[in-house]
Enquirer: 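Dumping the structure here so I can ask a few things about it.
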Amino acid sequence: RVELDNVRVIDYDDGEESHSVVLSRAGEIKLIDESGKVLSSYNVPNGAEMLVEEGEKVPKGVPLCRWDPYNALIFSEIDGVIEYKDVLPEITYTEDTDSQTGHREKVIIDSKDRTLVPTVIVKGDGDRIRESTLPVDTHIVVDDGEKVQAGQVLAKIPRAASKSKD
């Protein structure tokens, strides 16, 4: 039996299918047998997609969740409209073409002006606002003024890739 501990999940429909996206930082999946004994527990990374639900009985070998191991992702927590703050061409970001997808992306660069803090703001209904500051090397995947849904990816932060030595 699956038990979720400190896992906040939001449903996001990308137009093709619905995804259950984890928006909590320190979540855990526990597998519990009939007697209530914890068989195993796994940490769930922020941004993982849940493939099982609370209380579901799962056979051995079934994937519980999946995530992007190469990027840390920044998600929208609310439905709203994107607004950039301090995201300025050639000052805080450069346009870069993704070698795998061919898409043009804005990549945050180290600015000489330390007062500028590149931020993506999601303006929701009423006064609801969520801000995410963007560290250097972040790839922004939404545009200023774009409508977003809760659970949608706003930006990707590449994880340090380890190089193998021959």
Enquirer: Going by salt bridge (charged side-chain N to carboxylate O under 4.0 Å, His left out), name the residues that satisfy it together with D127, two or more places apart in sequence or in a different chain.
Expert: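 For D127, no residue satisfies salt bridge (charged side-chain N to carboxylate O under 4.0 Å, His left out) once neighbours in sequence are set aside.
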Enquirer: Out of curiosity, does V22 fall in the hydrophobic cluster containing F75 (side-chain heavy atoms, cut-off under 4.5 Å, transitive links)?
Expert: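 Per the 4.5 Å side-chain linkage, F75 and V22 are not co-clustered.
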Enquirer: Is a side-chain donor or acceptor of E28 paired with a backbone partner of S41 at a separation under 3.5 angstrom?
Expert: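 Side chain of E28 to backbone of S41: no pair is present.
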Enquirer: Are L23 and M50 in one and the same hydrophobic cluster, where Ile, Leu, Val, Met, Phe, Trp and Tyr link if side-chain heavy atoms are under 4.5 Å apart?
Expert: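 Result: no, two separate clusters.
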Enquirer: Tell me every residue that passes side chain to side chain donor-acceptor pair (under 3.5 Å) with D5, counting only those two or more places apart in sequence or in another chain.
Expert: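 Checked D5 against side chain to side chain donor-acceptor pair (under 3.5 Å); zero matches.
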Enquirer: Verify the cluster assignment for I109 and V141: are they in a single hydrophobic cluster under the rule of side-chain heavy atoms below 4.5 Å apart?
Expert: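 The answer is no; the residues belong to distinct hydrophobic clusters.
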Enquirer: What are the two closest heavy atoms between I74 and S132, and how far apart are they?
Expert: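 Looks like CG2-OG, 3.5 Å.
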Enquirer: If you group Ile, Leu, Val, Met, Phe, Trp and Tyr by side-chain heavy-atom gaps below 4.5 Å, do L116 and V136 land in one group?
Expert: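 Different clusters: L116 never reaches V136 through Ile, Leu, Val, Met, Phe, Trp or Tyr contacts under 4.5 Å.
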Enquirer: Check whether the side chains of S111 and D113 place a donor and an acceptor atom closer than 3.5 Å, and report yes or no.
Expert: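 No, D113 and S111 have no side-chain donor paired with an acceptor closer than 3.5 Å.
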Enquirer: As an exercise, state the distance from OH of Y12 to CD of Q152, rounded to the nearest 0.5 Å.
Expert: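 If we round to the nearest 0.5 Å, Y12:OH and Q152:CD are 3.5 Å apart.
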Enquirer: Can L73 be reached from V122 by stepping across I, L, V, M, F, W or Y side chains whose heavy atoms are under 4.5 Å apart?
Expert: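 As far as the 4.5 Å side-chain criterion goes, L73 and V122 are not connected within one cluster.
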Enquirer: Can you list the residues that meet the side chain to side chain donor-acceptor pair (under 3.5 Å) rule with D68, with sequence neighbours excluded?
Expert: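 N71.
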Enquirer: Any idea which heavy atoms bring V87 and Y93 closest together, and the distance?
Expert: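 It is CG1-CD2, 3.4 Å.
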Enquirer: Please name the pair of heavy atoms, one in G151 and one in I10, separated by the smallest distance, quoted to 0.1 Å.
Expert: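 What the structure gives for the nearest pair is CA-CG2, 3.8 Å.
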Enquirer: Is it the case that more than 12 heavy atoms not belonging to E95 sit under 6.0 Å from its CD atom?
Expert: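 It does: E95 CD has more than 12 such atoms within range.
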Enquirer: May I have all residue pairs that pass salt bridge (Lys or Arg N to Asp or Glu O under 4.0 Å) and include part of residues 133-149, sequence neighbours excluded?
Expert: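 As it turns out, the salt bridge (Lys or Arg N to Asp or Glu O under 4.0 Å) pairs with a partner in residues 133-149, which skip direct neighbours, are K106-D143.
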Enquirer: If you count every heavy atom of other residues, nucleotides or ligands that lies below 6.0 Å from E131 atom CD, does the total exceed 12?
Expert: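 Enclosed: over 12 neighbouring heavy atoms sit under 6.0 Å from CD of E131.
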Enquirer: Rounded to the nearest 0.5 Å, how far does NZ of K85 lie from OG1 of T133?
Expert: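 Here the rounded value is 9.5 Å.
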Enquirer: Determine yes or no for a side-chain-to-main-chain donor-acceptor pair under 3.5 angstrom, with R25 supplying the side chain and N46 the backbone.
Expert: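 A pair under 3.5 Å: no.
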Enquirer: Can you name the nearest heavy-atom pair linking R114 to D110, along with the distance?
Expert: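 Scanning both residues, the minimum pair turns out to be NH1-OD1, 3.0 Å.
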Enquirer: Output the distance between atom NZ (K156) and atom CD1 (I140), rounded to the nearest 0.5 Å.
Expert: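 Between atom NZ of K156 and atom CD1 of I140 there are 13.0 Å.
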Enquirer: Which pair of heavy atoms, one from P45 and one from N43, lies closest together, and at what distance?
Expert: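 Looking at all heavy atoms of both residues, the shortest contact is CD-O, 3.7 Å.
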Enquirer: Assess, by modelled atom type and distance only, whether the side chains of D96 and H139 contain a donor and an acceptor separated by less than 3.5 Å.
Expert: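 Looking only at side-chain atoms, H139 and D96 do not form any donor-acceptor pair under 3.5 Å.
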Enquirer: Evaluate E54 against E3 for side chain to side chain contact (heavy atoms under 4.5 Å, CB included), listing each step before the verdict.
Expert: CA-CA 5 Å; E54 176 105 34; E3 192 175 284; 3.5 Å; yes
Enquirer: Taking all non-hydrogen atoms of both residues into account, name the closest pair between A155 and L134 and its distance.
Expert: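 In terms of heavy atoms, the two residues are closest at CB-CD2, 4.1 Å.
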Enquirer: Can you give me every donor-acceptor pair (side chain of residues 76-84, partner residue at least two apart or in another chain, under 3.5 Å) with its distance?
Expert:
unit_1: S76; atom_1: OG; unit_2: I78; atom_2: N; d: 3.4
unit_1: S76; atom_1: OG; unit_2: I78; atom_2: O; d: 2.5
unit_1: E77; atom_1: OE1; unit_2: R8; atom_2: NH2; d: 3.3
unit_1: D79; atom_1: OD1; unit_2: A150; atom_2: N; d: 2.6
unit_1: E83; atom_1: OE1; unit_2: K123; atom_2: NZ; d: 3.2
unit_1: Y84; atom_1: OH; unit_2: V142; atom_2: O; d: 2.4

Enquirer: To the nearest 0.5 Å, what is the distance between NZ on K37 and CG on L31?
Expert: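 Here the rounded value is 12.5 Å.
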Enquirer: Judged by atom type as modelled, is there a donor-acceptor pair below 3.5 Å linking the side chain of S24 to the main-chain atoms of N6?
Expert: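 Present.
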Enquirer: Keeping the roles fixed (side chain from D86, backbone from V117), state whether a donor-acceptor pair exists under 3.5 Å.
Expert: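 Side chain of D86 to backbone of V117, a donor-acceptor pair under 3.5 Å: yes, one is there.
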Enquirer: Name each donor-acceptor pair under 3.5 Å that joins a side chain in residues 59-67 to protein atoms two or more places apart or in another chain, with its distance.
Expert:
unit_1: R66; atom_1: NE; unit_2: E49; atom_2: OE1; d: 3.1
unit_1: R66; atom_1: NH2; unit_2: E49; atom_2: OE1; d: 3.2
unit_1: R66; atom_1: NH2; unit_2: E49; atom_2: OE2; d: 3.4

Enquirer: Side chain to side chain contact (heavy atoms under 4.5 Å, CB included) between D11 and D13: does it pass, once the steps are laid out?
Expert: CA-CA 7 Å; D11 289 319; D13 189 342; over 6 Å; no
